[in-house]
Amino acid sequence: MLQVYNTLSKSKETFTPIEPGKVRMYVCGMTVYDYCHLGHARVMVVFDVITRYLRHRGFDVTYVRNVTDIDDKIIARANENGEPFHALTTRFIEAMHEDSDALGVIPPDIEPKATDSIPEILAMVQTLIDKGHAYVGDNGDVYYDVSTFATYGKLSGKDIADLRAGERIAVNEAKTDPLDFVLWKAAKPGEPSWESPWGAGRPGWHIECSAMSTNELGDHFDIHGGGMDLTFPHHENEIAQSEGATGHPFVNYWLHNGFVRINEEKMSKSLGNFFTVREILARYQAEVVRYFILTSQYRSPLNYDEEHLENAKGALTRFYTALRGLPDAEPVTVGDFEARFDAAMDDDFNTPEALAVLFDLARAVNKAKEEGAADAAGLGALLRKLAGVLGLLQGDPEAYLQGGDAGDGLSADQVEAMIAARNAARAARNWAEADRLRDELAAANIVLEDGAGGTTWRRG
RNA sequence: GGCCGGGUGGCAGAGUGGUUAUGCAGCGGACUGCAAAUCCGUGGACGUCGGUUCGAUUCCGGCCUCGGCCUCCA
């Protein structure tokens with residue numbers, strides 16, 4: 001029985017899809033004016049794992065993740081660069097796909113862009129005006145009238161009176177209430193714009209997601225996800241827009257992932273304390289980064305630290321070492337590994353607990369290998385199968401163990417040659433020479449393992 | 001100020017009203033020419049003060065403390 005934590009109820013609930021066997025899920029994706037940082041990577045990997053697990057459980061999942069390709073920051077950045085905004089966004093969408101692919105993220109089934117959804121956006125704004133939820137301001141902007149939506153605040157736990165009492169709400173004369181938010185922004189001279197019944201302009205931030213999600217998944221769908229910082233105002237406003245426009249419940253389960261932190265502080269663009277995915281991938285294999293992300297339950301904070309990445313690297317070394325040298329086989333059904341794995345994932349996608357099961361399984365594999373047991377390969381296959389639900393351990397063990405340091409290290413041929421020389425010395429019982437060669441390799445970050453079947457090596 | 005979520009052994013990180021998380025690191029053993037890897041064993045923990053209870057790290061309350069949202073943010 002899958003339990004998921006629903007931000008709407010602030011508790012874990014049994015997951016029941018609207019349509020039996022099918023899951024419709026929408027996740028807020030990137031605003032493409034810069035490279036993805038680790039926080040974006042977390043969203044991509046977390047919801048990728050959720051999608052994989054739902055499929056593993058037999059659900060037919062339709063996964064939609066949007067791209068925000070028009071907004072203030074995009075316009076500002078394009079102006080700084082002196083290029084059309086479309087050139088900027090095209091470039092960063094491509095970069096995002098590269099990062100996403102590198103991290104082993106299965107692409108969403110549908111990836112709508114805001115600029116491709118203008119007709120749907122205009123239609124929804126018009127509906128909101130027609131239903132009395134929105135009004136046109138003096139400056140040509142269209143605003144959502146928050147006071148018309150009775151349950152405003154239900155997702156984020158805000159109280160309208162509290163919000164009104166807050167001092168940080170920007171004053172804008174065109175709004176009749178400071179809490180109102182913009183649906184359609186009138187274009188200033190020189191800005192990208194689209195024609196509308198209210199004049200040339202562009203969509204406000206929140207409306208695009210309401211329009212794209214309901215357009216792709218219907219008025220009412222199962223899961224809506226994103227980073228915790230989107231809970232308010234973005235998702236709160238999406239609810240107001242969507243339910244205001246359609247008159248139907250919008251989303252059953254709201255899932256929000258926690259932040260990546262650095263030095264106990266949120267990693268973010270505005271704080272400038274971020275690492276981009278490509279910076280990190282230049283130094284660690286992508287699977288290490290993915291593993292690192294999954295060492296923390298998705299709602300918990302994830303602290304960025306070199307030491308933690310090193311730890312992740314070592315954990316994968318352990319797994320791949322267990323898988324090393326095993327022939328292909330059908331996964332065995334012995335033991336309760338799969339049941340334990342599923343139970344962990346059923347509990348709000350508890351990946352750390354699931355990984356603990358995989359470690360137990362890896363031990364069973366090692367033991368079977370050591371004892372020459374017949375089911376070693378089958379256990380290894382089970383390990384691969386379950387890890388695959390997390391998007392891990394799908395590679396060739398040798399590629400992981402001997403790869404990674406693509407740069408200045410010794411080539412595989414050089415390493416093999418030195419191992420051959422060392423084994424000749426060992427055969428002659430010339431331990432001093434053998435150890436000298438091993439030390440030399442160690443200095444080049446090569447670890448040797450003398451086994452019954454010969455000497456194997458890996459990069460440390 | 002309002003509203004959320006945390007504080008677990010050297011580090012990371014799950015979980016539970018009374019019994020081993022797991023990984024890394026440490027210690028002992030097996031294996032090895034010596035190592036490495038692997039296996040076996042092992043020490044070490046639940047912010048603080050109260051309450052409920054036969055019994056709380058686990059439930060409740062206060063306190064301390066960290067983080068987040070309330071403005072763009074994954």
Side-chain angles (χ1 to χ4, degrees), chain A residues 5 7 10 27-31 36-47 68 71-73 76 153 156-159 161-170 179 205 225-234 236 256-261 264-271 274 291-292 295-297 299-303 305 307-308 310-319 321-322 324 340 344 347 350-360 362-363 365-371 401 426 429-432 434-435 438-439 442 446-452 455-458 460:
Chain A
Y5 183 88
T7 305
K10 294 182 183 59
V27 172
C28 286
M30 279 271 293
T31 298
C36 294
H37 66 235
L38 195 52
H40 301 111
R42 191 176 192 193
V43 179
M44 293 194 285
V45 169
V46 160
F47 285 97
T68 296
D71 90 322
D72 290 352
K73 287 184 174 173
S156 54
K158 309 270 180 214
D159 185 279
D162 289 343
L163 287 169
R164 222 161 247 141
E167 295 161 13
R168 299 171 65 186
I169 294 166
L179 295 182
W205 175 35
M228 263 173 190
D229 46 2
L230 298 183
T231 307
F232 189 90
H234 186 55
E236 196 68 61
H256 292 100
N257 65 276
F259 300 123
V260 175
R261 287 197 211 164
E264 301 300 313
E265 191 174 53
K266 178 183 174 183
M267 178 182 285
S268 75
K269 288 279 176 66
S270 40
L271 290 169
F274 60 90
Y291 179 92
F292 164 63
T295 55
S296 178
Q297 204 269 350
R299 287 187 288 122
S300 300
L302 176 66
N303 273 304
D305 191 308
E307 193 188 333
H308 302 165
E310 289 297 332
N311 210 301
K313 184 175 160 185
L316 285 173
T317 297
R318 178 169 168 80
F319 282 124
T321 299
R324 194 176 214 179
R340 287 171 57 209
D347 183 14
N350 191 336
T351 53
E353 183 77 31
L355 288 171
V357 176
L358 298 190
F359 278 112
D360 287 344
R363 174 175 291 109
V365 171
N366 284 328
K367 226 163 163 172
K369 281 169 85 174
E370 199 165 82
E371 293 164 358
L401 296 168
R426 290 173 72 210
R429 304 186 72 76
N430 183 352
W431 308 127
D435 290 350
R438 185 170 60 196
D439 290 346
I446 305 294
V447 180
L448 298 190
E449 286 152 14
D450 297 328
T455 301
T456 56
W457 64 276
R458 61 184 164 87

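Numbers restart at 1 for each chain; the letters A, B, ... are given by sequence-line order, proteins then strands.
Under 4.0 angstrom from either OP1 or OP2 of B:rG15 there lies at least one side-chain N or O belonging to A:Asn350. Residue A:Lys367 places at least one side-chain N or O under 4.0 Å from the OP1 or OP2 atom of B:rC40.
Counting only heavy atoms from C-beta outward, the side chains of A:Phe232 and A:Lys158 approach each other to under 4.5 Å. Using a 4.5 Å heavy-atom threshold, the side chains of A:Asn311 and A:Phe292 count as separate. A:Thr455 places a side-chain heavy atom less than 4.5 Å from the side chain of A:Arg426. Here the side chains of A:Val43 and A:Met30 are not in contact, with every heavy-atom distance at 4.5 Å or above.
Residue A:Ser296 places its side chain closer to B:rG13 than to any other of B:rG13, B:rA37, B:rC70. Ranking B:rA74, B:rA36, B:rG33 by closeness to the A:Arg458 side chain, first place goes to B:rA36. Relative to the side chain of A:Glu353, the nucleotides B:rA36, B:rA14, B:rA37 differ in distance, and B:rA14 lies closest. In the set B:rG33, B:rA36, B:rA74, the nucleotide with an atom closest to the side chain of A:Met267 is B:rA74. In the set B:rG33, B:rC72, B:rA12, B:rA12 carries the atom at the smallest distance from any side-chain atom of A:His308.
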Do A:Thr456 and A:Arg324 pass the side chain to side chain contact (heavy atoms under 4.5 Å, CB included) test, and can you show the C-alpha distance, the side-chain angles, and the key distance before you say yes or no? CA-CA 10 Å; A:Thr456 56; A:Arg324 194 176 214 179; 3.7 Å; yes
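Contacts of A:Val260 with the nucleic acid, taken as non-hydrogen atoms under 4.0 Å apart, include base atoms. Residue contacts shown for A:Gly29 are limited to sugar-phosphate atoms, with no base heavy atom under 4.0 Å away. Residue A:Thr231 is classed as having no contact, given no heavy-atom separation below 4.0 Å to the nucleic acid. Using a 4.0 Å heavy-atom distance criterion, A:Glu307 is classed as a sugar-phosphate-only contact. As judged by a 4.0 angstrom heavy-atom cut-off over every strand, A:Leu230 is placed among residues touching the sugar-phosphate backbone only. Using a 4.0 Å heavy-atom distance criterion, A:His37 is classed as a base contact. Heavy atoms of A:Ser300 sit under 4.0 angstrom from primed sugar atoms or phosphate atoms, though from no base atom. If you check every strand for non-hydrogen atoms under 4.0 Å, A:Lys73 touches a base.
Across the C1' atoms, B:rU53 and B:rU58 are found 13 Å apart, a figure rounded to whole Å. If you take atom P in B:rG9 and the same atom in B:rA45, they sit 10 Å apart, rounded to whole Å. Rounded to whole Å, the P atom of B:rU48 lies 27 Å from the corresponding atom of B:rG2. With P as the reference atom, B:rC59 and B:rU16 are 9 Å apart, rounded to whole Å. Between the C1' atoms of B:rC60 and B:rC66, the separation comes to 23 Å (whole Å). Across B:rA12 and B:rC69, the matching P atoms stand 22 Å from one another, rounded to whole Å. Taking atom P in both B:rC64 and B:rC54, one finds a spacing of 31 Å when rounded to whole Å. Remark: the separation of the C1' atoms in B:rG15 and B:rG41 is 24 Å, to the nearest Å.
Using Watson-Crick or G-U wobble geometry with both donor-acceptor distances under 3.5 Å, B:rC3 finds its partner in B:rG68. Judged by Watson-Crick or G-U wobble contacts below 3.5 Å, the nucleotide B:rA56 has no partner. For B:rG17, there is no paired base (Watson-Crick or G-U wobble, both distances below 3.5 Å). Of all nucleotides present, only B:rC27 satisfies the Watson-Crick or G-U wobble test against B:rG41, with each distance under 3.5 Å.
By the 5.5 angstrom centroid cut-off and the 30-degree plane limit, A:Trp431 is classified as stacked against the base of B:rG33.
A straight line from CD of A:Glu236 to P of B:rC4 spans 14 Å, rounded to a whole angstrom. Spacing between atom NZ of A:Lys269 and atom C1' of B:rC72 amounts to 11 Å, rounded to whole angstrom units. Atoms NZ (A:Lys10) and C1' (B:rG6) sit 16 Å apart, rounded to a whole Å. What separates NZ of A:Lys313 from C1' of B:rC11 is a distance of 18 Å, to the nearest Å. Atom CZ of A:Arg261 and atom P of B:rC69 are 11 Å apart (whole Å). Atom CG in A:Leu302 sits about 20 Å away from atom P in B:rG5, given to the nearest Å. Rounded to a whole Å, the CD atom of A:Glu264 is 11 Å from the P atom of B:rC66. For the pair A:Lys266 NZ and B:rG6 C1', the computed distance is 17 Å after rounding to whole Å.
Interface remark: the A:Arg438 side chain does form a donor-acceptor pair with the B:rA35 base, using a distance-only criterion of under 3.5 Å. Judged by distance alone, with hydrogens and angles left aside, A:Lys158 brings a side-chain donor or acceptor within reach of the base of B:rC69, the pair sitting under 3.5 Å. If you check distances only, the side chain of A:Asp229 never reaches the base of B:rC70 with a donor-acceptor pair under 3.5 Å. If you check distances only, the side chain of A:Asp435 does reach the base of B:rG33 with a donor-acceptor pair under 3.5 Å.
Rounded to the nearest 0.5 angstrom, A:Leu179 CG and A:Leu163 CG are separated by 5.5 Å.
Between A:Ala432 and A:Gly227, the residue anchored nearer the 5' end of RNA chain B, judged by the nucleotide with its closest heavy atom, is A:Ala432. For A:Asp71 and A:Gln297, each mapped to the nucleotide of RNA chain B holding its nearest heavy atom, the one lying further toward the 5' end belongs to A:Gln297.
For the pair A:Lys367 and A:Glu370, the salt-bridge criterion is not met [side-chain N within less than 4.0 Å of a carboxylate O].
Between A:Phe274 and A:His37, the ring planes are tilted. Angles from 30° to 60° get that label.
Listed for the A:Asn350 side chain is a donor-acceptor partner under 3.5 Å among the backbone atoms of A:Glu353.
Annotation: cation-pi geometry satisfied between A:Arg299 and A:Tyr5 (NZ/CZ under 6.0 angstrom from ring centroid, within 45° of ring axis).
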Close N or O pairs between protein and nucleotides 22-31 of chain B (under 3.5 Å):
| residue | atom | partner | partner atom | Å |
| --- | --- | --- | --- | --- |
| B:rG23 | OP1 | A:Arg363 | NH2 | 2.7 |

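Scanning for ring pair (Phe, Tyr, Trp, His ring centres under 6.0 Å) contacts around A:His256 gives A:His235, with sequence neighbours left out.
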